[in-house]
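These notes concern the structure reproduced below.
Being a predicted model, the structure only gives us computed values, none of them experimental.
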Amino acid sequence: MAEEDSVDEGYAEIVVVRHGETSWNAERKIQGHLDVELNDAGRQQAEKVAERLSKEPKISVVYSSDLKRAFETAQIIAAKCGKLEVSTDPDLRERHLGDMQGLVYQEASKLRPEAFKAFSSNRTDVDIPGGGESLDKLYDRCTSALQRIGDKHQGERVVVVTHGGVIRSLYERARPSARKVEKILNTSVNVFRLFDGDKWTIQVWGDVSHLDQTGFLQSGFGGDRTSG
């Protein structure tokens, strides 16, 4: 992937990375705000994306969701990219999925029918029972967080490690009229540019070429509409 050697002063270049795989991703369990660590495959994926980013134009800072699966991925990236510190932001967390959290996806409709109905709704303003967020609340939370980062780091290249549901919302902010995205794979690289004002563009989307020799969870579970 060709990248420019420097970032123009007129925008912030933000490399948004989904966290590495967890055992719950592999088991199709819904995570949301539950704090699940990376599994061995996820740590290998994190090492691969860190190696890749260390060879690309300089990263000035690394931000992360404060959930372990993202934070551990971010720490591995930060260590490879000049021993940087990781700044956490809870607004980069996955969508809170209420009573769906902790369930195996295939069992959720039977065990928590009201929550599953809200989760499956085509409306974006429906909260999930059990303290869960609507898609609108997720969108407002995470797009505001990325905008704050972009405003602070104009002319820089930064990394943000976050979650599948968040990245889907960021995509919608940058490409509101485009088709909905399907899968956000673990440690996929997605490069956004945030310009002065409110213009967002996407330079790279869903790139997992660094995993060619490692493998990844083909289902993209938790990075598709399951948002876990």
Side-chain angles (χ1 to χ4, degrees), residues 1-19 32-33 49 53 56-67 70 73-74 77-78 81 84-96 121-127 132-185 187-207 223-225 227:
M1 179 185 71
E3 290 276 2
E4 296 178 7
D5 288 336
S6 61
V7 174
D8 190 275
E9 290 296 325
Y11 61 82
E13 185 159 278
I14 305 181
V15 183
V16 179
V17 179
R18 187 184 174 208
H19 62 80
H33 279 201
V49 74
L53 293 175
E56 293 183 0
K58 182 184 177 183
I59 302 298
S60 61
V61 66
V62 178
Y63 287 88
S64 176
S65 156
D66 60 346
L67 296 175
T73 303
I77 292 170
C81 293
L84 301 171
E85 293 293 320
V86 177
S87 297
T88 58
D89 186 344
D91 284 343
L92 295 170
R93 283 187 176 195
E94 182 58 279
R95 181 184 181 189
H96 194 304
S121 174
N122 289 324
R123 290 175 53 185
T124 59
D125 61 347
V126 177
D127 291 334
E133 292 176 290
S134 67
L135 287 169
D136 287 345
K137 288 178 181 175
L138 170 67
Y139 179 94
D140 290 345
R141 167 166 66 80
C142 66
T143 57
S144 295
L146 203 73
Q147 188 66 63
R148 287 196 304 272
I149 292 169
D151 290 345
K152 187 175 180 180
H153 295 286
Q154 292 286 304
E156 299 177 52
R157 193 165 195 257
V158 306
V159 168
V160 168
V161 183
T162 184
H163 306 265
V166 169
I167 298 172
R168 288 164 62 87
S169 290
L170 300 179
Y171 180 91
E172 290 172 17
R173 169 65 178 80
R175 294 180 177 172
S177 59
R179 284 184 61 185
K180 301 291 186 184
V181 293
E182 295 300 322
K183 299 175 182 178
I184 312 293
L185 295 171
T187 67
S188 60
V189 169
N190 311 278
V191 180
F192 292 75
R193 286 181 179 173
L194 275 59
F195 292 80
D196 282 335
D198 63 355
K199 179 184 176 184
W200 292 25
T201 64
I202 297 174
Q203 303 303 116
V204 176
W205 181 255
D207 191 333
D224 53 15
R225 200 176 185 281
S227 296

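Not counting sequence neighbours, the partners of Arg141 by the salt bridge (Lys or Arg N to Asp or Glu O under 4.0 Å) test are Glu133.
Within the 3.5 Å criterion, the main-chain N or O of Ile167 finds no donor-acceptor partner in the side chain of Arg18. A donor-acceptor pair under 3.5 Å links the side-chain atoms of Arg168 to the main chain of Val181, judged by distance alone. A donor-acceptor pair under 3.5 Å is absent between the side-chain atoms of Glu13 and the main chain of Val191, judged by distance alone. Counting only distance, with no hydrogens or angles, the side chain of Arg95 and the backbone of Leu138 share no donor-acceptor pair below 3.5 Å. Asn190 places a side-chain N or O within donor-acceptor distance of the main-chain N or O of Gly206, the cut-off being under 3.5 Å. With hydrogens and angles disregarded, no donor-acceptor distance shorter than 3.5 Å links the side chain of His19 to the backbone of Val161. Remark: the backbone N or O of Tyr139 is paired with a side-chain donor or acceptor of Thr143 at under 3.5 angstrom. Using a distance-only test at 3.5 Å, with no hydrogens or angles considered, no donor-acceptor pair links the side chain of Asp66 to the main chain of Asp89.
Ring pair Tyr171/Trp205 is tilted by interplanar angle, where 30° to 60° counts as tilted.
Ser188 and Leu185 get closest at one heavy-atom pair: OG-O, 2.9 Å. Residues Gly150 and Leu194 approach most closely at CA-CD2, 4.1 Å, considering heavy atoms.
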- request: Begin from the C-alpha positions of Tyr63 and Ile14 and carry the test side-chain contact (heavy atoms from CB on, under 4.5 Å) through to its verdict.
  value: CA-CA 10 Å; Tyr63 287 88; Ile14 305 181; over 6 Å; no

query: Is there a side-chain contact (heavy atoms from CB on, under 4.5 Å) between Phe192 and Ile202 once you walk through the steps?
result: CA-CA 5 Å; Phe192 292 75; Ile202 297 174; 3.7 Å; yes

- prompt: Passes side-chain hydrogen bond (donor to acceptor under 3.5 Å, both in side chains), Gln203 versus Thr201? Steps please.
  reply: CA-CA 6 Å; Gln203 303 303 116; Thr201 64; 3.1 Å; yes

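Side-chain polar atoms of Asp125 and Ser134 form no donor-acceptor pair below 3.5 angstrom.
With salt bridges taken as basic N to acidic carboxylate O contacts below 4.0 Å, one links Glu172 and Lys180.
At least one side-chain heavy atom of Arg173 sits under 4.5 Å from a side-chain heavy atom of Asp198.
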